[in-house]
Student: 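Here you go, one structure.
Letters A, B, ... are given to chains in the order of the sequence lines, protein chains preceding strands, and every chain is numbered from 1.
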Amino acid sequence: MDARPAENRPVREPGSNDFIRSIIDADNRSGTYGGRVHTRFPPEPNGYLHIGHAKSIVLNFGIAEEYGGRCNLRFDDTNPEKEELEYIESIQQDVRWLGFDWQDRLYYASNYFEQLYEFAERLVGKGLAYVDELSADQIRETRGTPTEPGTNSPYRDRPVAENLDLLRRMRAGEFADGSRVLRARIDMAAPNINLRDPILYRIRRVSHPNTGDSWCIYPTYDWAHGQSDWIEGITHSICTLEFENHRPLYDWFLDALDARTPGRPRQIEFARLNLGYTVMSKRRLLELVREGHVAGWDDPRMPTICGMRRRGYTPGAIRNFCRSIGVSKTNSQIDLAMLEFHLREDLNKRAPRVMAVLDPLKVVIENYPAGKAEQIEAENNPEDPSAGTRMLPFTREIYIERDDFREDPPKKFFRLAPGREVRLKHGYYITCRQVVRDPSSGEITELRCSYDPQSAGGSTPDGRKVKGTLHWVSVAQALEAEVRLYDRLFSVANPAEDAQRRNVDYKSFLNPDSLRVVEGCKLEPSLREAAPGTTFQFLRQGYFCVDSTDSSAEKPVFNRTVSLRDSWAKIERADKPT
RNA sequence: UGGGACGUCGGCAAGCGGUCAAGCCACCGGGUUUUGAUCCCGGCAUUCGGAGGUUCGAAUCCUCCCGUCCCAGCCA
């Protein structure tokens, strides 16, 4: 039981009751585990964590927290051919960043290799496992198909003593890689193919990140996972749907080892997270990195945790998202808008507001004194008064967003246009008097405006209304920066499935506009001290963070995390067809 | 054609035989607003993959059908 007083324990929100929590509730009622709840997050260290793993992390650690239980971090490192230290380190960093703590319970399946081997000898001793000498191809051929049963290996009925001897010699390194395997002796005619004498050990002379060269036989997932759960005292072993067919095997091994006591682990499967416009398989993510379609595992377009972190996502946003999508057994795909909603919700509360002009258009305020530079006090976050204020320089020459001016304004456009008056956020009202263009190209190069000295601070004594409020940056003090505008990585919702169906490479659906680099953006000078990784709201535009690897004082680089909702863009889009 | 699972609003997802089919996102209105942001208010499934059946009463139980996903790695 949780030692903390009830009021300090995380409270389960009503409505957050999913089928897994219902199972746990029932187990708690029946006393199956004596009220104990112990989960684990078991990544294989063969790649970086992505948003799909976040769902599992939030589920496993979240359940442990809610029930006053524990959650282990366990590396499922049974296949040294694919696993690397780099991944072991990044995974820990990502889980920690997401806000979870495994305390002193950092485990590896490889910690149990000796114990697992003893279990294997036990199975052999009971006549429940045998050493097979069939080749990989022969094993595949004799396994049968979903509709036809397999056939027994000629080595299936060896005496126990011979099997034991062979297994020990396998471990001792007497046989060549791939020449022998240890298989469970179950049923070659089982309708569930996983039960057709599955392999427990294979011979691989590969050095392991954790155990080095002390083993030349390695356990398979099926053999290692359930037993590791049992060793750790896991009560609820939560995994994804594709392991559903493995559950009978999970249970068979536990039975075979006489783990019949109450409290033996129980495997529960849920549907993995699918998101639109991206790919989630480690194989594909690795390929995108290796082939240079993205700048690395932490490219801000990647659905990896480190990519999202670099993009400007917050742990809280990811956690809220994972909690809000629910847990079920239905194969589903979550709308990207859901993720973005939680991102904006979190950032809206915490991101300081600043002004930045991405596509600058110069404005000269003709009746404002040339040498004058006022300091205007501006709030940092209307959602959070404790965020304080900062000073903004205001001068005769400023930049506004090119798109905030229309020479021929469409209906419902209430920004700047010839003769129109708008408010400069925190500043004055200005009216457009003249449009200056480049005589050769015809491009608008400058706007000549006048300001109303009475409108300081953004309102006038006569109380007249202006419909538009624009963001701006003073020319003389502007900080120049590069801004990277990110969009979805793929241009179709289901790149992997579409590719398979149409028999093309999923990479042909890569969105060519997933990154737009904008140079020469003008930022308010307060951003000069912005620390790498911090996220701001660029007023009226979106959330942007200082790129953690490419930004420098000499050349600031900002990533667009997510845009603000934009109902004007919606109106404009809707009006266009007419 | 074998086995395992899943099908409730555009996307998720509650619901576990008894007024009315939660909630969130999206979408559509309307209000507030020195961010066309935020915030607020309102709308949004006579119907639960389909067809039968059981019952006074079914999304919830039964039968059949349809659709989708997973399984033939010495990957996890």
Student: When we call it a touch if two heavy atoms are under 4.0 Å apart, what does A/Asn245 touch: a base, just sugar-phosphate, or nothing?
Tutor: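 It contacts base atoms.
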Student: Could you work out, with side-chain hydrogen bond (donor to acceptor under 3.5 Å, both in side chains) as the rule, every residue matching A/Tyr250, not counting sequence neighbours?
Tutor: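 Checked A/Tyr250 against side-chain hydrogen bond (donor to acceptor under 3.5 Å, both in side chains); matches are A/Asp229.
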Student: Contact class for A/Phe413 (heavy atom, under 4.0 Å): base, sugar-phosphate, or nothing?
Tutor: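 Result for A/Phe413 = base.
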Student: Choose from B/A72, B/G11, B/A14 the nucleotide whose nearest atom is closest to any side-chain atom of A/Ser328.
Tutor: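 The listed nucleotide nearest to A/Ser328's side chain is B/A14.
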Student: Give one of base, sugar-phosphate or nothing for A/Val466, where a contact means two heavy atoms less than 4.0 Å apart.
Tutor: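 Answer is nothing: A/Val466 stays at 4.0 Å or more from every strand.
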Student: Test of understanding: with side-chain contact (heavy atoms from CB on, under 4.5 Å), list the residues that count as partners of A/Arg565, not counting sequence neighbours.
Tutor: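 A/Arg565 satisfies side-chain contact (heavy atoms from CB on, under 4.5 Å) with A/Arg344, A/Lys570 only.
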Student: With a 4.0 Å cut-off on heavy atoms, is A/His225 in touch with a base, just the backbone sugar-phosphate, or nothing at all?
Tutor: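 The answer is nothing, as A/His225 stays clear of every strand by at least 4.0 Å.
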Student: Indicate, with a heavy-atom threshold strictly under 4.0 Å, whether A/Lys425 touches base, sugar-phosphate, or nothing.
Tutor: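 Touches a base.
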Student: Please classify the nucleic acid contact of A/Leu134 as base, sugar-phosphate, or nothing, using heavy-atom distances under 4.0 Å.
Tutor: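 Since a base atom lies under 4.0 Å of A/Leu134, the category is base.
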Student: Name the nucleic acid region contacted by A/Ser332, choosing base, sugar-phosphate or nothing; use a 4.0 angstrom heavy-atom cut-off, strictly under.
Tutor: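 It contacts sugar-phosphate atoms only.
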Student: Tell me, for nucleotides 37-43 of chain B in 5' to 3' order, what letter each nucleotide earns: B for a base near a protein heavy atom under 4.0 Å, S for only sugar-phosphate near one, - for neither?
Tutor: SB-----
Student: Applying a 4.0 Å non-hydrogen cut-off, can you work out what A/Tyr218 is touching in the nucleic acid: base, sugar-phosphate, or nothing?
Tutor: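 The residue A/Tyr218 makes no contact with any strand.
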Student: Under the side-chain hydrogen bond (donor to acceptor under 3.5 Å, both in side chains) rule, collect the residues that match up with A/Tyr108, sequence neighbours excluded.
Tutor: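 Listed in chain order: nothing, the list is empty.
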Student: Assign A/Arg204 to base, sugar-phosphate, or nothing according to its heavy-atom contacts below 4.0 angstrom with the strands shown.
Tutor: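 Contact class for A/Arg204: base.
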Student: For a quick check of understanding: with a heavy-atom distance under 4.0 Å over all strands, which category does A/Ser135 fall into, base, sugar-phosphate or nothing?
Tutor: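 Result for A/Ser135 = base.
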Student: Using a 4.0 Å heavy-atom cut-off, does A/Ala337 contact any base of the nucleic acid, only the sugar-phosphate backbone, or nothing at all?
Tutor: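 Since only primed, P, OP1 and OP2 atoms lie under 4.0 Å of A/Ala337, the category is sugar-phosphate.
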Student: With sequence neighbours left out, what residues match A/Arg406 under side-chain contact (heavy atoms from CB on, under 4.5 Å)?
Tutor: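 Partners of A/Arg406 by the side-chain contact (heavy atoms from CB on, under 4.5 Å) criterion, ordered by chain and then number, come out as A/Asp403, A/Pro409, A/Pro410, A/Phe413, A/Glu572.
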Student: Name all residues meeting the side-chain hydrogen bond (donor to acceptor under 3.5 Å, both in side chains) criterion together with A/Glu83; count only those two or more places apart in sequence or in a different chain, and write none if there are none.
Tutor: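 Residues passing side-chain hydrogen bond (donor to acceptor under 3.5 Å, both in side chains) with A/Glu83: none at all.
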